[in-house]
Amino acid sequence: MNQKTKNLKSMIAMTLTIIMVVSMLSTLSAVTATDDLPFLTLKPSTNVDLTYPAYLEEGSTFTVQVNIANVKNLWGLNFDLTWNPDVITITRVQKGDFLISGGVTDIYMAPTFDHVNGRFGGNFAQTLMEYEGVSGEGTLAIVTFTVKDFGTCNIALTNVLLFDDTPFNPQPMAYAPLPSIRVNNPTPPASAPTAAFTVTADVSISGQYITIPSSASSANIELDASISGAGYDGTNTVPITSYSWVIHSVNGRFSDIIADTQKITLNNVEPDVLEITLTVKALTGKAVDPPGYVNTAQISRTYTIIQAASSGIDIFTQNGGIGPNAPGGIFGPQQQVAATARVIYNGAPVAQKDVIFTVYTNNGAEYAYDVVRTDAKGEATFYFRLITNDGQLDASFGANWLIVASVDISEVVYSDTCRFEFNYLANIKDVTVSPSTVIRGQDTVTITANIDNKANVDGIVTFTLVDACNVPIAATSTTISSGSVQITINIPNYAFVGQAKVNVNLLSAAPKDGGVPYCPQNGANVTFDSNGLFVSSIQNQPAQFLIGFI
């Protein structure tokens with residue numbers, strides 16, 4: 001046997017011996033860190049220390065690199081890893097390319113996995129076939145984990161042995177303290193199921209309008225709640241277990257509704273409004289639901305039932321107007337109106353027919369004309385935008401704006417009208433302040449704004465109080481509502497003595513969210529005499545209210 005063969009066999013035997021005595025030699029490893037010692041790091045492929053709303057999906061994978069740096073003449077190594085098997089599980093271990101970066105072949109023993117206790121069943125072990133160690137930095141191994149559940153654990157490097165390249169007698173190398181990384185996969189808060197449903201019918205449905213031909217004596221409407229979404233109890237998705245419906249006609253004309261979970265039958269149909277409420281329920285399957293978990297969800301919709309003549313035209317807007325000469329709702333300045341004319345003949349839609357639209361202002365003046373051709377559904381839509389404030393805007397306000405649509409079918413002219421209101425969607429009617437005289441640093445003032453919310457829109461009322469030197473001394477806001485909105489403001493010591501004023505605005509949303517005015521900064525211009533008595537109120541003037549500070 002030649003010397004080279006003897007050396008190779010000795011190296012193999014030594015490698016196997018090293019693997020067997022790892023646990024006995026581990027006490028030689030960890031020492032106090034210095035700049036001269038090699039150090040190991042664990043580098044995950046993605047952020048694993050998460051806070052909600054970010055979390056790791058069940059079944060997703062990530063890798064952790066076992067890296068080394070500042071090492072000299074590394075010839076062999078062993079290490080173990082530990083983890084929480086309830087949170088993650090190990091899938092694969094691959095050796096890195098650092099140890100063989102010097103071009104020397106290696107002996108590698110892949111570890112077995114202890115999935116019950118979350119550790120290697122046998123250590124990761126790798127040595128070189130010749131006594132030519134490597135120096136510098138690189139990757140020793142790449143470990144792949146799969147996410148099992150939510151929770152927190154550490155991935156820790158343990159039982160590490162590093163050996164130098166001393167011929168025939170490799171020596172354990174000291175290294176800096178071992179690293180670990182934190183895996184935090186936060187449990188999302190419990191959430192309720194989502195209620196949603198669709199409606200189909202054996203008659204025409206457009207948006208929330210259900211059109212029934214005048215010749216029909218009944219109609220079937222089917223409800224489908226399958227698009228409702230499951231809930232979540234913090235650890236798993238909770239399926240929907242039941243649906244329930246509440247269906248009634250708002251005006252009580254459909255007293256003969258026959259309803260189950262799928263179908264509504266309307267007999268002796270006539271115009272009315274159906275209100276449909278769906279409730280979905282999901283159970284966690286646990287004796288006690290998680291805190292904050294709501295296992296039901298609800299959604300309500302209204303559908304306007306209309307009868308259409310067997311032949312003719314019906315014009316309506318996105319805010320209403322379905323039915324003969326029905327009103328089309330309210331629109332604000334610069335808002336776009338979508339006027340749709342539906343043309344039918346003998347109960348069927350008529351395509352490719354030219355419809356003339358005419359729009360008149362509140363005082364009957366011509367505002368716009370347009371001709372639009374019907375589509376395959378027999379509908380033609382004319383879009384136009386209402387005027388902005390040119391100083392005479394209020395003169396255009398009123399409920400008598402009119403849209404007329406006409407069509408010729410076989411030399412018979414059919415027409416329909418739709419009136420709508422043009423106004424501020426919401427407006428400040430008037431504002432009052434009490435008391436009229438206050439003491440700085442001691443008293444408060446109560447400001448009441450009366451809101452006319454014609455279109456039932458969402459928004460914000462803002463209040464700004466400025467003193468006699470035009471210094472803002474208080475500002476606040478509150479959610480819009482119809483009726484009175486009331487706030488109380490403290491008067492600070494630094495307010496200048498004299499006449500103060502309040503500015504009130506009505507916005508579509510909070511200013512920081514890009515809210516814009518629904519109406520001018522208006523209301524009433526209120527003047528107080530020396531006795532603090534109310535003298536006059538003029539509508540649509542700047543909303544300034546005089547208060548005497550003493």
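Side-chain atoms of P333 and T388, non-hydrogen and from C-beta on, never get closer than 4.5 Å to each other. Taking the side chain as every heavy atom from C-beta outward, K501 and N470 approach each other to under 4.5 Å. Using a 4.5 Å heavy-atom threshold, the side chains of V343 and Y414 count as separate. Looking at heavy atoms from C-beta onward, N505 lies out of side-chain contact with P517 at the 4.5 angstrom threshold. At a threshold of 4.5 Å between non-hydrogen side-chain atoms, the residues V431 and I447 count as touching. Within the 4.5 Å cutoff, the side chain of T302 has no heavy atoms near those of the T304 side chain. Put simply, the side chain of L223 reaches to within 4.5 Å of the side chain of V199, judged on heavy atoms. For the pair T152/R182, a side-chain contact is recorded, criterion being any heavy-atom separation below 4.5 Å from C-beta on.
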If you apply the rule side-chain contact (heavy atoms from CB on, under 4.5 Å), what do you find for F197 with S228, and how did you get there? CA-CA 7 Å; F197 64 90; S228 298; 5.7 Å; no

Report the C-alpha separation of N185 and V147 in whole Å, then their side-chain angles, then the decisive distance to 0.1 Å, and conclude whether the side-chain contact (heavy atoms from CB on, under 4.5 Å) test is met. CA-CA 9 Å; N185 197 25; V147 178; 3.7 Å; yes

For I257 and L274, what are the C-alpha separation, side-chain angles and deciding distance, and is it a side-chain contact (heavy atoms from CB on, under 4.5 Å)? CA-CA 10 Å; I257 290 178; L274 279 182; 3.7 Å; yes

Step by step, would you call Q298 with T279 a side chain to side chain donor-acceptor pair (under 3.5 Å)? CA-CA 4 Å; Q298 194 175 83; T279 301; 3.0 Å; yes

Determine, step by step, whether I451 and V461 satisfy the side-chain contact (heavy atoms from CB on, under 4.5 Å) criterion, reporting the C-alpha distance in whole Å, the side-chain angles of both residues, the deciding distance to 0.1 Å, and the verdict. CA-CA 9 Å; I451 307 300; V461 185; 4.2 Å; yes

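Residues S484 and N450 have side chains that bring a donor and an acceptor to within less than 3.5 angstrom of each other. Side-chain polar atoms of T462 and S477 form no donor-acceptor pair below 3.5 angstrom. Side chains of T361 and N363: a donor-acceptor N/O pair is present below 3.5 angstrom, by distance only. Of the N and O atoms on the side chains of T448 and Q486, at least one donor lies less than 3.5 Å from an acceptor on the other residue. Looking only at atom types and distance, the side chain of N362 has no donor-acceptor partner in the side chain of S396 under 3.5 Å away. D224 and S226 form a side-chain donor-acceptor contact under 3.5 Å, judged by distance and modelled atom types alone. For the 3.5 Å distance criterion, the side chains of T146 and T61 fail to qualify, holding no donor opposite an acceptor. A donor-acceptor contact closer than 3.5 angstrom links the side chains of T211 and R342.
A376 and A351 get closest at one heavy-atom pair: CA-CB, 4.0 Å. Residues V404 and T417 approach most closely at CG2-CG2, 4.0 Å, considering heavy atoms. Across A405 and V355, no two heavy atoms sit closer than the pair CB-CG1, 4.0 Å. Among all heavy-atom pairs drawn from A426 and V457, the shortest one is CB-CG2, 4.1 Å. For the residue pair I212 and A219, the shortest heavy atom distance occurs at CD1-CB, 3.9 Å. Among all heavy-atom pairs drawn from T237 and P239, the shortest one is O-CD, 3.6 Å.
Ring centers of F331 and W401: at least 6.0 Å apart, outside the cut-off.
A distance of 9.5 Å separates CG of L425 from CD1 of I480, quoted to the nearest 0.5 Å. Between atom CG of residue D408 and atom CD1 of residue I313 there is a gap of 11.0 Å, rounded to the nearest 0.5 Å. One finds the CD1 atom of I491 at 4.5 Å from the CD1 atom of I473 (value rounded to the nearest 0.5 Å). Residue S45 holds its OG atom at 7.5 Å from CZ of F62, rounded to the nearest 0.5 Å. Separating the CD1 atom in I460 from the CG atom in D513 is a distance of 8.5 Å, to the nearest 0.5 Å. Separation of atoms CG (D149) and CG (L56) is listed at 11.5 Å; rounding is to 0.5 Å.
Note: Y55 and F150 have perpendicular aromatic rings, judged against thresholds of 30 and 60 degrees for the angle between ring planes.
Of the possible donor and acceptor atoms, none in the side chain of N84 sits under 3.5 Å from a partner among the backbone N and O of I88. Within the 3.5 Å criterion, the main-chain N or O of I305 finds no donor-acceptor partner in the side chain of D272. Under a 3.5 Å cut-off, the side chain of S406 and the backbone N or O of I356 do not form any donor-acceptor pair. Of the possible donor and acceptor atoms, none in the side chain of D370 sits under 3.5 Å from a partner among the backbone N and O of F357. Side-chain atoms of Q318 come within 3.5 Å of backbone N or O of Q336 as a donor-acceptor pair. Between the side chain of K148 and the backbone N or O of P85, at least one donor-acceptor pair lies under 3.5 Å. For R419 (side chain) and P327 (main-chain N/O), no donor-acceptor pair under 3.5 Å exists by modelled atom type.
Applying the salt bridge (Lys or Arg N to Asp or Glu O under 4.0 Å) test to pairs two or more places apart or on separate chains, none has a residue in residues 312-333. Legend: salt bridge (Lys or Arg N to Asp or Glu O under 4.0 Å) pairs involving residues 349-361, not counting sequence neighbours, sorted by first then second residue: D354-R373.
Scored by the side chain to side chain contact (heavy atoms under 4.5 Å, CB included) test, F384 finds V337, A339, V359, Y367, F382, L386, I403, F420 as partners (sequence neighbours excluded).
With a 6.0 Å radius and a threshold of 12 heavy atoms from other residues, nucleotides or ligands, E58 has its CD atom at or below the threshold. Counted within 6.0 Å of OH on Y303, heavy atoms from surrounding residues, nucleotides or ligands total more than 12; the atom is thus considered enclosed. Annotation for Y383: atom OH does not count as buried by contact number, only 12 or fewer foreign heavy atoms lying within 6.0 Å.
Salt bridge K429/D452: absent, no basic N to carboxylate O contact under 4.0 Å.
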